Structure formats: structure tokens, C-alpha cells
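Note that the structure is predicted; figures quoted are calculated from it, not measured. Start at 1 and go down the list; that is how both ligands and their atoms are numbered.
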Amino acid sequence: MAHTGYDAVICGAGHNGLACAAYLAAAGKRVCVVEKRTVAGGAAVTEEFHPGFRNSTASYTVSLLHPKVIRDLRLVEHGLRIVERPFANFLPLSDTDSLQVGGGLEATQREIARYSKRDAECLPQYYARLERVADVLRGLLLETPPNVGGGLHDLFNAWKSGRKLNALPMEAKRDVLDLFTMSAGEWLDRWFESEPIKACFGFDSVVGNFGSPYSPGSAYVLLHHVFGEVNGKKGTWGHAIGGMGAIATAMRKEAEARGVEIRLGNGVARVLASRGRATGVVLEDGTEILARCVVSNAHPRVMAGWLAGVAEFPQEPFAHYQSESATLRMNVALSELPDFTCKPGKHLQPHHQSGIIFAPSLDYMDRAYASAREHGWSKAPVVEILIPSTVDDSLAPAGKHVASLFCQHFRYALPDERSWDDERDAAADAVIDLVTGYAPNFKAAVLGRRVLTPLDLERQFGLVGGDIFHGKLTLNQLFSARPILGHGNYRMPLAGLYLCGSGAHPGGGVTGVPGHNAAREILRDGN
Ligand SMILES: Cc1cc2nc3c(=O)[nH]c(=O)nc-3n(C[C@H](O)[C@H](O)[C@H](O)COP(=O)(O)OP(=O)(O)OC[C@H]3O[C@@H](n4cnc5c(N)ncnc54)[C@H](O)[C@@H]3O)c2cc1C
């Protein structure tokens, strides 16, 4: 059966697909969104994982969601509320020592001065220099990257981007160059001498990035995590009440209010093409949806799979597209809060409301990476825990808690033909044991858990290779080269086919930006 008359069919109801649909509908377009899963939101979703316990399933903390998207899509009016955490991070370091970062510059300086007075003094300048480069990145977010091989319009775009960079003082230009190319470890070694503070800042460089903090390019991943804001406070991370699904739910409400049709539980099997142009899609059950343009919200390699056999579509560059994060994601239902040896007490304290990082030094992270390269996953992994129920009582029964654990480095492909289906529980146990080493009541407090290995992320969310960002955030896959050189402007190598997901500029994260920008380009083409 064929459904016709649409201006656009959007393949995937991830938050970027929903955002793109809402922007197109606002311009009067007739839009149909088709989604494989039975729930909208993609990696921004809240689900019950243990009876009575709900949590964000994949992404778990918010900062990068663009303020323009929040405003344009009326997300606050649709119920979205984002709360800040009292402290950004808490790092248990030993049985007696920990580092707490956040709560204002002076408080952080006082804390850091316990390790190095010099580091505490450097901190304001470090923040200012990083912020200046983050501002450059912010200035590029809503821009369509100039397309390599494009025409006058792209030359103008290139000139506009270049002009912004050129206006910076030389010191900032050098910082831009360094942060886009260097390793986070080398960048941080320049600024600080104490290991705990380098670990706290360096953690961002390995999140979703299978690499050492000393791998070239990891400084960019660090930067990618600081361009956001929460309630106007730049660089901070917060919690969406109700979990990350609240973001997608608010977007969905706005999209539907604007007339978007959303069909769940029936994925795209292939893209229809005629005379070198995308004309619609065939769903898994054989339904055809015909539209003036086809917009993929899915991972670029998933999209390429829908075009197998379409002669005009070049498969090779997509086959080479790099996609692996090496992360394991776990939710646990807890009977009580972790009682840290270094900061005792099961009663709610500010450190329970922080991003709790288990990785005391950059060397530790480097070893976690090396061990995953050798064994497939690290027995001493890098782990962050957030306990969102400490700031949101809608997620767990009274007195109980839910925790999000985000764990690096767990490779997608295990050596010696080992399978994640056999090792899922062993890996999850290793993570729980690691936390229990710092908080002895943790293991016994776990009432239930849901574990997502990289293979599960691929199977359940279509994240090829388990890549949380829809492809590595490396220089060869950023800006004009995202997802591939020659197609950095949301237009894919088939007329009428667009990309609106995280595989497009500016890459991964719950930002809404690829959806926003892609809609603009689709409208610009007169679809
Ligand atoms: C474990 C994990 C932790 C993360 N943590 C954070 C975090 O804390 N903060 C943050 O900002 N970002 C985080 N991220 C990254 C962020 O979640 C993603 O970059 C972002 O949600 C991607 O949004 P998207 O709309 O581009 O794509 P997706 O959310 O991936 O949506 C794509 C949609 O396409 C659908 N699809 C796939 N195949 C088909 C098909 N054949 N037919 C129809 N539909 C299909 C998928 O089911 C999905 O709904 C995390 C990601 C993961 C996986």
C-alpha cells in the first residue's frame, strides 16, 4: 500500500528527526516520521527498566540542547524542566580522599589548592581560554558547513566561517588549532600539575571516544562536551526532569501540534529512487511512503544500507565512515545511596547529586584504553555515575534510587571471536565491583539492572559499532567532512535525500542542531 502527498518523510524519530519534522511543519510542509522502535526519542528516551524504576536509557545528562531549539520548539511550554546539579563532579580517589569540582569558581579553587596552589591559580585562565574556543564552536553550530566542491554559496559560507576565526586574537587562534588537533592529555599537562584535576577535566575527552586522553584529537572531544549550557549557564550539565525522554516528548508534542504524522514500530527497509532522485521509502512491512524528499535521522551507515543497489549512491565512503565509541551503559535500581568510604553516609549529600567519576588520573584512563585494546574491555574501566533520583523524585519509589552508569572502554568487536551475548554480565559485574571498591554497600544495594553493551546499542538503537555520536568525532569526520567530504551540508549523494541526525554537523549529543540545520537546507532547496 502506498501513502502519498508528503513533502518529506523523515526516517527515524530520534530527537533530531522530531526537531527537523517540527521545523518543516512550521513552514507549512506535510511531514511523516517513520520509526523502527515502538517509542520515539531514539537515544533520548526514558524507559522503565525494573518494576517501578524508570531512567534515561541511553543519553542521561543535558547541556548541549541548543537554546534556540528549546525556544523555537516551545519545549518549556510542553513541560521540559532542566535542573542543575549542586556540584559538577565528584571523584573518589582513595579510601580517604576525593575531589569535588563545581559550586562556583572559588569553591573549586579551594578544593584544587589542596593538591596544587599553582593549579588553583591557573583555573580562571584555563576556563577563560577554553570558553573562548567553545564560543567559536558555538558560533559554528547553527551554520551549514561550506561544502567542499560546492559553488558560490559555499565559498561565501567558507569566507563567513573563516572571518569569525580570523577575528580572534593570535593566542585564541593557537588554542583553536591545538584543541582541534592535540591530545587532551597534552593540553591539560600544559595547564595543570595535579593528577586529580587533570583527571576531572580529561574525563570528557574519553566519553564516547575510544582512545586514550593522550590520543591526538581527544582534546576536540573534550571541547565538544563544553559548548553547551544549562539555563543560561555555559559549560554546565544538568538533568531533565523525567529523564532524557522528556526532551523527545516535548519535541513530539510540538511536532504533532504542527501537524506532523508519526508512525512507530515499522522501520525503513529501503529508499525508493527514480531518475537519480529519492522519491520515498519502503517500510519493513512493505508499506510505501512517497514524498518530495527523504530525510534520514538514522546513522549514516544505516542510511547507506537503505540505498544498496541505487547506482547513483556511492557506498564506499560510507563503508569507510568510522564508528565506534567503546562504551557500555548500565542503569541500576538501588535500595539505598552509595556509602563512599572517602565521604561516608547513605543520607543524601551533594556529592550524590554530582557526576561521580571513577578515574583518578589520566594514566588510569590511558591504561583502561590499552587494556581494552588488548582484551576487548577494560577490567579497570573509566566509569561515571549519575543518580538522577537525587534531583528528580519521578524516577524511583520513595526512598529508593536509580543510577546511570556510563562506562568506557568496552569495544564493539571482542577478540578471539568472543561474543557480548556471553560477556555482558561479566562486564557489568566488573563495573559494579569497581564502584563497590569505593562504596562497599553498592553491590548489595542493586535491586535490578539493565546493561547495554556496544552490540546492544547497535541492535536496539541502530548505533553502528555502538557509536553514541553516530560516528567518531575526529577531524576527518567533522564540519564540512561530516559525514563525508563533499556532503557536509546535509545533502546526501542522491538528489532529494538529506541527513538530519548526529552523523551530520555538528555531530553527536542531544542538541537538536542537525535537525534544525537540515530543515533549513531542505526548505532552501524548495522541497
Ligand atoms: C549510551 C549513550 C549515552 C549518551 N549520553 C549522552 C548524554 O548524556 N548527553 C548527550 O547530550 N548526549 C549523549 N549521547 C549522545 C546522544 O544521545 C545522541 O548523539 C543523540 O541522542 C542522537 O540523536 P539523533 O536524533 O541524531 O539520533 P538517534 O537518537 O540515534 O535517533 C535515530 C532514530 O532512527 C531510528 N532508526 C534506526 N534505523 C531505523 C530504520 N530502519 N527505520 C526507521 N527508524 C530507524 C532509531 O531507532 C532512532 O530512533 C549518548 C548516547 C548514547 C548511546
S502 versus ligand 1: do any nitrogen or oxygen atoms come within less than 3.5 Å of each other? yes
Taking only non-hydrogen atoms of G267 and a 4.0 Å limit, the atoms of ligand 1 in range are 42 (N), 43 (C)
Note: E284, heavy atoms under 4.0 Å from ligand 1, region reported as neither
H351 versus Q100, side-chain donor and acceptor atoms under 3.5 Å: no
- prompt: Is the shortest side-chain N to carboxylate O distance from R329 to D456 below 4.0 Å?
  reply: no
Within 4.0 Å of some non-hydrogen atom of W237, the atoms of ligand 1 are 9 (N)
In ligand 1, the atoms that come under 4.0 Å of a heavy atom of R37 are 47 (O)
Inset, instruction - Indicate yes or no: does an N/O atom of H15 lie under 3.5 Å from an N/O atom of ligand 1? - result: yes
- Task: Step by step, work out the side chain to side chain donor-acceptor pair (under 3.5 Å) result for D392 and H239.
- Result: CA-CA 8 Å; D392 179 353; H239 170 74; 2.9 Å; yes
Is the backbone N or O of H78 less than 3.5 Å from a side-chain atom of E254, with the two atoms forming a donor-acceptor pair by type? no
G42 heavy atoms within 4.0 Å reach ligand 1 at atoms 29 (O), 31 (O), 48 (C), 49 (O)
heavy-atom search around atom 21 (O) of ligand 1 in the protein gives A43 CB, 3.5 Å
Think R37 forms a cation-pi with F461, using NZ or CZ under 6.0 Å from the six-ring centre and within 45 degrees of its axis? yes
Counting only nitrogen or oxygen atoms and a 3.5 angstrom limit, does R329 reach ligand 1?
no
- In terms of side-chain geometry, is the basic nitrogen of R450 or E48 positioned less than 4.0 Å from the acidic oxygen of its partner? no
Exercise for the section: Mind telling me whether H299 and H470 have parallel, tilted or perpendicular rings, with 30° and 60° as the class edges? Expected result: tilted
Within 4.0 Å of some non-hydrogen atom of L463, the atoms of ligand 1 are 30 (O), 53 (C)
Q) Just checking, any donor-acceptor pair under 3.5 angstrom between side chains of E521 and Y498? A) no
Next item on the list: Look at D467 together with R301 and state whether they make a salt bridge at an N to O cut-off of under 4.0 Å.
Entry: no
| query | Parallel, tilted or perpendicular for F410 and W377, by the 30°/60° rule? | reply | parallel
> Is the closest basic N to carboxylate O distance between R30 and D7 below 4.0 Å?
Replying inline: no
One finds that the ligand 1 atoms under 4.0 Å from a non-hydrogen atom of G508 are 19 (O)
Heavy-atom proximity to atom 38 (N) of ligand 1, picking from V302, V281, V268, points to V302
Quick check: N297 and ligand 1, any N/O pair under 3.5 Å apart? yes
among protein heavy atoms, the one nearest atom 31 (O) of ligand 1 is G14 CA, 3.3 Å
The atoms of ligand 1 lying under 4.0 Å from a heavy atom of N16, numbered in the order shown, are 23 (O), 24 (P), 25 (O), 26 (O)
*asked:* For S404 and N55: C-alpha separation, side-chain torsions, deciding distance, then whether side chain to side chain donor-acceptor pair (under 3.5 Å) applies.
replied: CA-CA 8 Å; S404 310; N55 198 8; 2.9 Å; yes
Closest to atom 19 (O) of ligand 1 among protein heavy atoms sits G509 N, 2.8 Å
of all protein heavy atoms, closest to atom 34 (O) of ligand 1 is G12 CA, 3.4 Å
Task: SB check E284 K36 (cutoff 4.0 Å) - done: yes
Nearest non-hydrogen contact to atom 50 (C) of ligand 1 from the set A13, A298, S59 belongs to S59
Note to self: For ligand 1, which is the ligand I care about here, please tell me if K36 has any N or O atom under 3.5 Å from one of the ligand's N or O atoms.
What the structure shows: yes
of all protein heavy atoms, closest to atom 1 (C) of ligand 1 is F406 CE1, 3.6 Å
In this structure, atom 10 (C) of ligand 1 is nearest to the protein heavy atom V510 N, 3.6 Å
ask   = N/O to N/O below 3.5 Å, does that happen between L64 and ligand 1?
value = no
Could you tell me whether some N/O pair between Q460 and ligand 1 is separated by less than 3.5 angstrom? no
Would E47 and N331 count as having a side-chain donor-acceptor pair, cut-off 3.5 Å?
-> no
Min N/O separation I468 to ligand 1 under 3.5 Å:
yes
Y220 side-chain N/O to A184 backbone N/O, donor-acceptor pair under 3.5 Å
no
Closest to atom 9 (N) of ligand 1 among protein heavy atoms sits T61 O, 2.8 Å
Here the atoms of ligand 1 under 4.0 Å from any heavy atom belonging to G501 are 26 (O)
Closest to atom 28 (P) of ligand 1 among protein heavy atoms sits H470 NE2, 3.6 Å
| said: For the 3.5 Å polar cut-off, considering only N or O atoms, please tell me whether E35 and ligand 1 meet it. | reply: yes
Practice prompt. Look at the aromatic rings of H224 and F227 and report parallel, tilted or perpendicular, splitting at 30° and 60°.
Written response: perpendicular
Going by the 4.0 angstrom heavy-atom rule, the piece of V34 near ligand 1 is backbone
Taken to the nearest 0.5 Å, the spacing of F469 CZ from T474 OG1 works out to 11.5 Å
